[in-house]
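Take a look at the structure below.
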Amino acid sequence: MEVWVKSFDVEMQVKQNGIELEVRNPNGSSQLGDCYATMTGLVWCKGRTTKKHGVKLKWEDIAAICSSPEAVKAAVKAAKDAST
């Protein structure tokens, strides 16, 4: 994957607007989406989805998903199963 910082607030603490990351496929030819890291969590915007319509994750939920390798595998499997 290629990940680019699209906008970055100079403050050390992440503010409400957050940090925007552009995520592209490994060769950089197409954009997979944008990921916003904010003070309340992450927002994933697939393709050209706007931040307002993106999928929001609270930091507490991210911490639960990332609590162990098994939890990550289960979450990824559940997400893949839900999209088929």
Hey, can you pull the donor-acceptor pairs under 3.5 Å for the side chains in residues 41-52, sequence neighbours left out?
{"from": "Thr49", "atom 1": "OG1", "to": "Lys46", "atom 2": "O", "distance (Å)": "2.6"}
{"from": "Thr50", "atom 1": "OG1", "to": "His53", "atom 2": "ND1", "distance (Å)": "3.0"}
{"from": "Lys51", "atom 1": "NZ", "to": "Asn17", "atom 2": "O", "distance (Å)": "2.9"}

Side-chain donor-acceptor pairs of residues 73-80 under 3.5 Å, sequence neighbours excluded:
{"from": "Lys77", "atom 1": "NZ", "to": "Asp81", "atom 2": "OD2", "distance (Å)": "2.9"}

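Across all their heavy atoms, Ile65 and Leu57 have their closest contact at CD1-CD2, 4.5 Å. Here the closest heavy-atom approach between residue Tyr36 and residue Glu20 is recorded as OH-OE2, 3.1 Å. Closest non-hydrogen pair, Ala71 versus Ala64, comes out as CB-O, 3.9 Å. Gln31 and Arg24 make their closest contact through N-NH1, 3.6 Å (heavy atoms, listed as atom of the first residue, atom of the second, distance).
Under the salt bridge (Lys or Arg N to Asp or Glu O under 4.0 Å) criterion, the residue pairs touching residues 31-42 are Lys6-Asp34, with sequence neighbours excluded.
The neighbour count for Lys58 NZ, taken as heavy atoms of other residues, nucleotides or ligands under 6.0 Å away, does not exceed 12.
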